[in-house]
Amino acid sequence: MKPAAEAATGDGGPRLGRRLTGFMPLIALLALVVALAIADPGFLTQRSLTAVARTAAPLIVLAAAATLIVLCGGIDLSIAAVASLSTVLLALWLPHLGGLATPAVILAAASIGAVQGVAHVLLRIPSFIVTLGGMSILSAVALVVSGAGTVRVVDDSTVKWLELYVGGYVPMSFVMALVVVALIALALRLTPLRSWISATGYSESAARLAGTPVDLVKIGAFVVSGAGAGFAAIMLVSRQFSGGPTMADNLLLPAVAAIVVGGTAITGGHGSVWRSLAGALVVTLLRVGLPIVGVPSAYEQILYGVIIVIAVTLTLDWSKVSIIK
């Protein structure tokens, strides 16, 4: 028999709370759309919604790919630096490689993720430290490679397809962002990866005892995160017609915010890429909506910080609080 206290609360309480938390990104998204439509009746026009979709696309890819690392109980602070470096590499390689520059950049970004994943696993260095150092190193490399300036793209014919519109209304970049999310979700659903990642996030030691290939799972998560940053960089270049050493730097905090707002526990084990998609849309609407309601853009970083603290508090696995320093 269950103890009296456990029987009184049952498993329904935590499960119900988790389910409600899972719906919070959608509720917040709908509430923001309604609020912005009231503040600006022209917000729901095709032009405004298209602009939101184009703005959200790179953030969706960054957040969805990095979600795998968070699900494993880690974090990747280098995604924006990887993306910025990738924009520079793409701008430099396009004249020489043409259409091959796109897969080459994604492969290079994935390789950077693999190196960081191996360093995290083999050297037993916390992912926070590894990616913080990686962010600094990659930012410096991007500055050196680019000559500390913007690298213009003369011929963007191989990437301009991302600026096309499906059906004349939906940006191709947004469609591709949804495809990336769907592919990651499908891979998790149809393979043992989902259970391996969840087990690693919930309890790494228990996962190892159960035979889960924890090290390979973590390295794989870093590879996907790096590849996602590379693809996000391609979206940025197709929109800006150039690459820059700091082009994606302003996406780091929004990406982290999108993940935690989406309901993925920063302690790992619980969350999904679909929730990160909703979180990215919420963050994008906030970025677009602040000027509409008259809030100066200078307060944007403050808002992100508040959102992250609140979202982490709501999604935190309190059973792991004792191991958080």
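Please read these numbers as outputs of a predicted model, since none were measured by experiment.
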Can [Y] be reached from [X] by stepping across I, L, V, M, F, W or Y side chains whose heavy atoms are under 4.5 Å apart?
| X | Y | answer |
| --- | --- | --- |
| Val223 | Val121 | yes |
| Phe241 | Leu85 | no |
| Ile184 | Ile219 | no |
| Leu164 | Val61 | yes |
| Ile60 | Leu32 | yes |

Spell out, as yes or no, whether a donor-acceptor pair under 3.5 Å connects the side chain of [X] to the backbone of [Y].
| X | Y | value |
| --- | --- | --- |
| Ser198 | Ser195 | no |
| His270 | Ala265 | no |
| Thr150 | Gly244 | no |
| Ser127 | Ile75 | yes |
| Ser225 | Ala221 | no |
| Thr191 | Leu193 | yes |
| Arg239 | Arg54 | yes |
| Ser84 | Ala80 | yes |
| Thr131 | Asp76 | no |
| Ser139 | Met135 | yes |

To the nearest 0.5 Å, how far apart are [atom1] in [X] and [atom2] in [Y]?
| X | Y | atom1 | atom2 | value |
| --- | --- | --- | --- | --- |
| Ser146 | Leu89 | OG | CG | 10.0 Å |
| Leu77 | Ile69 | CG | CD1 | 9.5 Å |
| Leu188 | Ile197 | CG | CD1 | 5.0 Å |
| Met247 | Gln240 | CE | CD | 5.0 Å |
| Leu44 | Leu36 | CG | CG | 8.5 Å |
| Thr55 | Leu285 | OG1 | CG | 10.0 Å |

- Query: Looking only at heavy atoms, which two atoms of Gly279 and Val261 are closest? And how far apart?
  - Reply: CA-CG1, 4.2 Å

- If you take all heavy atoms of Leu71 and Gly271, which pair is closest and at what distance? CD2-N, 3.6 Å

- Is the number of heavy atoms from other residues, nucleotides or ligands under 6.0 Å of Arg124 CZ greater than 12? yes

- Item | Arg208 atom CZ, over 12 foreign heavy atoms within 6.0 Å | yes

- Message: With no hydrogens and no angle check, just 3.5 Å: does a side-chain donor-acceptor pair link Ser276 and Thr67?
- Response: yes

- Item | Side-chain H-bond candidate by donor/acceptor type, Thr45 with Ser48, under 3.5 Å | yes

Side chains of residues 94-117: which donor-acceptor partners sit under 3.5 Å, not counting sequence neighbours?
unit_1, atom_1, unit_2, atom_2, d
Ser111, OG, Leu107, O, 2.8
Gln116, OE1, Ser78, OG, 3.4
Gln116, NE2, Ser78, OG, 2.9

- Start with the C-alpha distance between Thr50 and Tyr165, add both sets of side-chain angles, then the distance that settles side chain to side chain contact (heavy atoms under 4.5 Å, CB included), and finish with yes or no. CA-CA 10 Å; Thr50 297; Tyr165 291 86; 3.4 Å; yes

